[in-house]
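Worksheet for the structure shown next.
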Number of protein chains: 2
Amino acid sequence: MKTRDRILDVSLRLFNEEGEAHTTTIDIANELDISPGNLYYHFKGKDQIIAELFEQFQLALGQTLKAPVEQPLHQVFDSVEDNWYYLYVVLEELYQYRFLYHNLDDLLRRYPKLKRSFRRLIDGKREALTAIIESVLEDASRPPTQVQLSALIENMTLQLTYWLNYDRLLHDEQDAEMSIHQGVLQLLTMVAPYLGEDQIDFYRQCEAIFEGMLKAKK
Amino acid sequence: MKTRDRILDVSLRLFNEEGEAHTTTIDIANELDISPGNLYYHFKGKDQIIAELFEQFQLALGQTLKAPVEQPLHQVFDSVEDNWYYLYVVLEELYQYRFLYHNLDDLLRRYPKLKRSFRRLIDGKREALTAIIESVLEDASRPPTQVQLSALIENMTLQLTYWLNYDRLLHDEQDAEMSIHQGVLQLLTMVAPYLGEDQIDFYRQCEAIFEGMLKAKK
DNA sequence: GTCTATATTTAGATAGAC
DNA sequence: GTCTATCTAAATATAGAC
């Protein structure tokens, strides 16, 4: 593995674990057992490292968010399990690059260009969630009004953006997998009340998946 | 107004507007037309300023969050308008000290003792929301299950914590009052589907309040 | 590509006169 | 209480040898 890539890998890990603001170029170099001078040979500075990590993040998440919009409905996302799995993947990608959200205000002040990209990703989330919700609610017994639907989507988009921050605030050092599963459960709960008669069945499935995950951990 | 209090006031404003990480003691002194030395006569440093601002925040919000728990049910919080107004006040207090949430990760790393307090405030939000929801849903035609109820409360607590961050990410420089009103609308929308027959009426009221606020602005 | 040594910048903080 | 002048510490970044 090339030094350049090792720098990116270790930077991502340290940013996530120790905080980006608190991680210096020296820390990264030390962790890799290389000199600061060497690090500056590969990257102009911390800024460039962050820019490249963000690029990775944007590409990966952007791809993932397109899936439910482009897939023909009811071909892939037709069961609770499918949606569960999909949301799990999205949250996992957010988790991998979670440092980006931990001090977002400062990050966007230092790199104002990222703002556009963050907003595009939010748009992507909104579109993905809309596709999923429309598919799930297609034969809902008590469908939401138009106002309710758009507020529901917005609440889910916010939840998908800040769940990991919220969970971390409540219990730091929480197991990542658990945290993500719970995030998915919280998201799907928002949809549940619209499902009417199927509601009990829907919940049984959600809980079954959640408990299945719990067992798989042990 | 004493210099000490002016320092606190200006610091709060600069932290909110320019970002805490980006605001130095020199900036604060300049804004007040006093010398850095003078600032350090009144406060040991930036840390102490932040600590006192947080203390103010905690006291104010903590008080507010107790209200719905301590009030006899159906005495104060018995109409949509009452709840709307209450949630508006809570969000406004969060807005006044919004800098605390803008780089929360870094803040908690530098002042680890604040973590306990933040969690207590979250608990306070959860309890306040529980009291409100129970009162609102008391004669709901389609009450949530126990699982749904606790997930609903948790989603609302998260929303109450991160709505201002989310809204700022979407449209910076947004009018504060509008942002807060929309946050309240988003929160109450989460409860709507459980209201059944009253649902349409509930929404009409919410929208009426929202539009009333819009007009009042002009 | 990698190292050592050093320069630059900036924020945080203090000393001592008035 | 307030000022001027100055110090310290830490992070970013560069120069030049190997």
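A, B, ... follow the sequence lines: proteins, then strands. Residue 1 opens every chain.
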Distance in angstrom units between [X] [atom1] and [N] [atom2], rounded:
{"X": "A:I49", "N": "D:dA11", "atom1": "CD1", "atom2": "P", "result": "15 Å"}
{"X": "A:I7", "N": "C:dG1", "atom1": "CD1", "atom2": "C1'", "result": "11 Å"}
{"X": "B:R110", "N": "C:dA11", "atom1": "CZ", "atom2": "P", "result": "13 Å"}
{"X": "B:N30", "N": "C:dG12", "atom1": "CG", "atom2": "C1'", "result": "15 Å"}
{"X": "B:L32", "N": "D:dT2", "atom1": "CG", "atom2": "P", "result": "10 Å"}
{"X": "B:I34", "N": "D:dT4", "atom1": "CD1", "atom2": "P", "result": "12 Å"}
{"X": "A:D5", "N": "C:dG1", "atom1": "CG", "atom2": "P", "result": "11 Å"}
{"X": "A:Y40", "N": "D:dA17", "atom1": "OH", "atom2": "P", "result": "22 Å"}

Q. When you look at OH of B:Y111, are more than 12 heavy atoms from neighbouring residues, nucleotides or ligands closer to it than 6.0 Å?
A.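 Yes - once you tally the heavy atoms of other residues, nucleotides and ligands closer than 6.0 Å, there are more than 12.
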Q) With under 30° as parallel and over 60° as perpendicular, where do the rings of A:Y162 and B:Y166 fit, or are they tilted in between? A)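 Because their plane-to-plane angle is over 60°, the rings of A:Y162 and B:Y166 count as perpendicular.
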When you get a sec, tell me which of [options] is the closest nucleotide to the side chain of [X]?
{"X": "B:S35", "options": "D:dT2, D:dA11, C:dT2", "result": "D:dT2"}
{"X": "B:Y41", "options": "C:dG12, D:dA13, D:dG1", "result": "D:dG1"}
{"X": "A:I26", "options": "C:dT2, C:dT14, D:dT12", "result": "D:dT12"}
{"X": "B:K46", "options": "C:dG12, D:dT4, D:dA11", "result": "C:dG12"}
{"X": "B:H42", "options": "C:dG1, D:dG1, C:dC3", "result": "D:dG1"}

Under-4.0 Å side-chain N/O to phosphate OP1/OP2 contact, [X] with [N]:
{"X": "B:T25", "N": "C:dA11", "result": "no"}
{"X": "B:T3", "N": "D:dT2", "result": "yes"}
{"X": "B:N38", "N": "D:dC3", "result": "yes"}

Q) Quick one: on DNA chain D, does B:G37 or B:K2 contact a more 5' nucleotide (nearest heavy atom)? A) B:K2
**Q.** Ring centres under 6.0 angstrom apart (B:Y101, B:Y95)
**A.** no
(Q) At 4.0 Å (heavy atoms only), tell me whether B:D27 reaches a base, stays on the sugar-phosphate, or touches nothing. (A)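 Touches nothing.
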Q | Partner residues of B:R168 under the salt bridge (charged side-chain N to carboxylate O under 4.0 Å, His left out) criterion, sequence neighbours left out | A | A:D105
(Q) Just to verify, which of A:H102, A:K46, A:H22 counts as forming a side chain to side chain contact (heavy atoms under 4.5 Å, CB included) with A:F15? (A)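 By the side chain to side chain contact (heavy atoms under 4.5 Å, CB included) criterion, A:F15 pairs with just one of A:H102, A:K46, A:H22: A:K46.
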